[in-house]
Amino acid sequence: MASEGEAGAEEELESSFSQLKEEIETQETATLLSGEYDQNSAILSIHAGAGGTDSQDWAEMLLRLYLRWMEKKNFKTRIIETSDGEEAGIKSCTIMVDGSYAYGLLKAEKGVH
């Protein structure tokens with residue numbers, strides 16, 4: 001229909017395609033987050049590790065990054081504890097993250113960065 005020049009056919013196809021693409025992405029996410037605890041809230045801990053001031057500064061950057069990401073996802077956050085570094089940054093921080101699928105989205109965020 002669009003190749004024959006029918007008015008509005010191309011726009012209608014693009015709109016339908018966008019809706020279908022959005023639905024597929026929603027279903028993919030639901031499939032990936034189908035674990036037993038994935039839909040629950042989470043507790044996130046950040047620890048500076050061995051590296052002195054640079055490590056503590058990096059831990060603070062990670063904290064800001066995660067807080068902005070959680071805000072974008074409309075998660076409610078509550079900082080439970082923070083231990084500041086001597087010169088800069090933080091030694092550790094623990095955050096309570098409330099929101100749908102918070103655990104499922106954050107469970108892969110583990111390890112040393």
Side-chain angles (χ1 to χ4, degrees):
M1 292 183 333
S3 64
E4 294 175 7
E6 191 171 317
E10 188 173 331
E11 292 170 0
E12 185 178 333
L13 285 172
E14 285 181 17
S15 174
S16 295
F17 178 74
S18 295
Q19 290 174 351
L20 182 60
K21 185 178 176 182
E22 187 175 312
E23 179 62 29
I24 289 171
E25 288 174 359
T26 301
Q27 292 299 319
E28 283 177 344
T29 303
T31 301
L32 290 172
L33 299 177
S34 60
E36 184 177 357
Y37 303 109
D38 286 350
Q39 64 186 350
N40 296 336
S41 297
I43 296 175
L44 176 69
S45 294
I46 300 171
H47 301 280
T53 304
D54 290 339
S55 174
Q56 294 169 7
D57 194 33
W58 176 244
E60 186 174 33
M61 286 185 236
L62 280 176
L63 172 63
R64 288 194 313 260
L65 177 133
Y66 280 121
L67 288 174
R68 285 192 183 118
W69 177 81
M70 292 172 207
E71 183 180 315
K72 212 172 171 183
K73 292 283 188 185
N74 294 319
F75 290 150
K76 293 181 187 175
T77 59
R78 183 169 49 103
I79 297 178
I80 297 171
E81 75 78 29
T82 301
S83 176
D84 293 327
E86 285 102 32
E87 295 178 34
I90 59 170
K91 290 182 180 180
S92 67
C93 183
T94 304
I95 309 164
M96 181 68 188
V97 185
D98 290 319
S100 187
Y101 292 98
Y103 178 79
L105 292 168
L106 288 168
K107 71 181 176 183
E109 297 297 316
K110 57 185 170 185
V112 179
H113 296 289

Run the side-chain donor-acceptor check on residues 88-103: report pairs under 3.5 Å with partners two or more places apart or on a different chain.
unit_1, atom_1, unit_2, atom_2, d
Lys91, NZ, Glu86, OE2, 2.6
Ser92, OG, Glu81, OE2, 3.4
Thr94, OG1, Glu81, OE2, 3.3
Asp98, OD1, Ser41, OG, 3.1

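Interatomic distance, CE of Met70 versus CG of Leu105, reported as 10.5 Å (0.5 Å rounding). Atoms CD and CG, on Gln56 and Asp84 in that order, are 9.5 Å from each other to the nearest 0.5 Å. A distance of 12.5 Å separates OG1 in Thr77 from CZ in Arg68, rounded to the nearest 0.5 Å. Here the NZ-CG distance, from Lys110 to Leu44, works out to 13.0 Å after rounding to the nearest 0.5 Å. With rounding to the nearest 0.5 Å, the separation of CE in Met61 from CG in Leu63 is 11.5 Å. Of the inter-residue distances, the one linking Leu32 atom CG with Asp38 atom CG reads 9.5 Å to the nearest 0.5 angstrom.
Judged as a salt bridge (Lys or Arg N to Asp or Glu O under 4.0 Å), not a single pair has a partner in residues 41-52 (not counting sequence neighbours). Residue pairs meeting the ring-ring contact (aromatic ring centres under 6.0 Å, His included) criterion with at least one partner in residues 68-91, sequence neighbours excluded, are Trp69-Phe75.
Between the Ser15 side chain and the Glu11 main chain, no donor and acceptor come within less than 3.5 Å of each other.
In this structure, Ser55 and Gly49 approach most closely via the heavy-atom pair OG-O, 3.6 Å.
In the hydrophobic clustering of ILVMFWY residues, with side-chain heavy atoms under 4.5 Å counting as a link, Ile79 and Leu106 come out together.
For the pair Tyr37 and Lys107, the minimum side-chain heavy-atom distance is 4.5 Å or more.
Remark: the Gln19 side chain and the Glu23 side chain contain no N/O donor-acceptor pair separated by less than 3.5 Å.
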